[in-house]
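Here the structure is a predicted model, which is why all the values come from computation and not from measurement. So that the names make sense, note that chain A is the first sequence line, chain B the second, and so on, each numbered from 1. These numbers come from the heavy atoms of this one structure, side chains and all, not from hydrogens, waters or symmetry mates.
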Protein chains: 2
Amino acid sequence: MNAMPTSRVVSESPGPVESGDTADAPKRSRSVTRERLLDAAAQVFAEQGVAGASVEEVCERAGYTRGAFYSNFATKDALLVALLDREEGLLLDRLSAALDGALSQPDPLAAVAGRLFDLQPFGASKYALRAELTLLAVRDPDLAAPYLAARRSFRERFVPFLREGLAQAQLELIVPADDALDTLEALFDASVRSSIISGDANARDNLATRMLPVLLGAMTRPRA
Amino acid sequence: MNAMPTSRVVSESPGPVESGDTADAPKRSRSVTRERLLDAAAQVFAEQGVAGASVEEVCERAGYTRGAFYSNFATKDALLVALLDREEGLLLDRLSAALDGALSQPDPLAAVAGRLFDLQPFGASKYALRAELTLLAVRDPDLAAPYLAARRSFRERFVPFLREGLAQAQLELIVPADDALDTLEALFDASVRSSIISGDANARDNLATRMLPVLLGAMTRPRA
DNA sequence: CGCATCCAATACGCTTGTGTATCGAAGTTG
DNA sequence: CAACTTCGATACACAAGCGTATTGGATGCG
């Protein structure tokens, strides 16, 4: 039945990315399979969109067959929901990690801006995935609730961070913090998108770095 | 790529656009059929995405069958290309029309902001369509060129408009005009998206109206 | 050592969707 | 009014994709 010599599937380590396969793993846990399928789904959905991607290709990319898939997820939609949950968590974690030390830098704002751009979530693939998921929320009211919930936790996590960072620079906001965050996010997204489409994906000189100081200047004033 | 034996897919003058009539018309010209199919495609693609939409549903929505479709477009991809062209033109036209009188108003900036929000291109359906097309450009390098070309004409059209509007308000830009335009566009998009997802689509109080004065203040200075 | 349990692979049915080929009904022209 | 042309409808062939049912093999446990 199995033409191939027993199985190749796993290279473990939840680390990023794909591998050709490698060592045979003696212990294949269910959760590893799930994670690999989710990793693959993130890639494939980013490249082709949720509707454009087939379960088959997700499985192939992960090194499994559809049997493995349906043994782990009820349907394609269920995969999407699981992916949504996971991505939200990952984004929060990575942003947190990247920003954590930044406030103690001499120039916190510059440090923040610099680190953000080295970050995976702003790479082409992650950008496309986020854009795709956002678009799904725009279209489908059922996904609006989870989307808004995710946004809420994002804000709750980063509004204090923003305030604190500004405070250390002796600044305070003169606009609602949520508005400030939304505006900055919009700026970053536009910048990343533009860089991707025009090809210079890693350009150090981009819309966000040019406009960030201007916008921050407009949204703050010297602290009382 | 594909030669259709029985028909030559003509690209015809745009002609009168909107399909007002409901009754079956005795004389339906080819270009009317094309336009209706494109209208339907704009809707269906906005609702379900390009990949998620079927040719069948586009035809149904337009009041035709697939026979009519394949007599007018070679493939689904050809339809997409035609739609891209048309939407770009429509967007430019509508923005131009909406903004044209605005500069002679007492408060040009307020007039501009007000009119933009009454505009179709910022309605839910048009927003979704634009987001979808943008995402396609992010994913597919082949679509990057047309996308960038469209952006260029957009800029060429509106940068002078922006300068002039600011001049009438006795202001001038202190940042690159392209950056200013990109930033404002990002702000509007974020605002529209947020309104759509949170349900209050026509809310007069939104991110853009709150932040527009702040951003404009930051990007300009009193004219020398 | 044999039994039970998981879990992923294989195989299958069925639906949906694309594109082609053909047909027929209107309109047009001599 | 008859032949021709045009264009959309019907019918069909075929591929892709989803989800189910079943099988096989590994692991854990008594």
Could you tell me how far apart [X] ([atom1]) and [N] ([atom2]) are, to the nearest whole angstrom?
X	N	atom1	atom2	value
B:L79	C:dT18	CG	P	11 Å
B:F69	D:dC7	CZ	P	16 Å
A:R30	D:dG28	CZ	C1'	16 Å
B:R34	D:dC7	CZ	C1'	14 Å
A:E56	C:dA9	CD	P	11 Å
A:R66	D:dA16	CZ	P	13 Å
B:R36	D:dC7	CZ	P	16 Å
B:K76	C:dT16	NZ	P	16 Å

- Mind checking B:S54 for me? I need base, sugar-phosphate or nothing, with any heavy atom below 4.0 Å counting as a touch. sugar-phosphate
- Query: Under 4.0 Å between a side-chain N or O of B:S71 and OP1 or OP2 of D:dG8?
  - Reply: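 Result: yes.
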- Phosphate oxygens OP1/OP2 of C:dG19: is one of them under 4.0 Å from a side-chain N or O of B:T75?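 Indeed not, no polar side-chain atom of B:T75 lies that close.
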- Message: Strictly distance-based, threshold 3.5 Å: is any side-chain N or O of A:R115 a donor or acceptor partner for the main-chain N or O of A:A98?
- Response: yes
- Message: Please check this pair: side chain of A:S71 against backbone of A:G67, looking for a donor-acceptor N/O pair closer than 3.5 Å.
- Response: no
Closest nucleotide among [options] to the [X] side chain:
X	options	result
A:N72	D:dC7, C:dA8, C:dA9	C:dA8
A:Y70	D:dG8, D:dG19, C:dA8	D:dG19
A:Y64	C:dA9, D:dC18, D:dA9	C:dA9

- Message: For A:F154 and A:F158, take the angle between the two ring planes, folded into 0 to 90°, and tell me which bin it lands in: parallel under 30, tilted 30 to 60, perpendicular over 60.
- Response: tilted
- Message: Closest-nucleotide mapping onto DNA chain D: is A:A74 or A:G52 further toward the 5' terminus? I mean the 5' end.
- Response: A:G52
- Query: Does a salt bridge link A:E47 with B:R139, judged by any charged N lying under 4.0 Å from a carboxylate O?
  - Reply: no
- Message: Is a donor from one side chain sitting under 3.5 angstrom from an acceptor on the other, for A:N206 and A:T209?
- Response: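 There is such a pair between these side chains.
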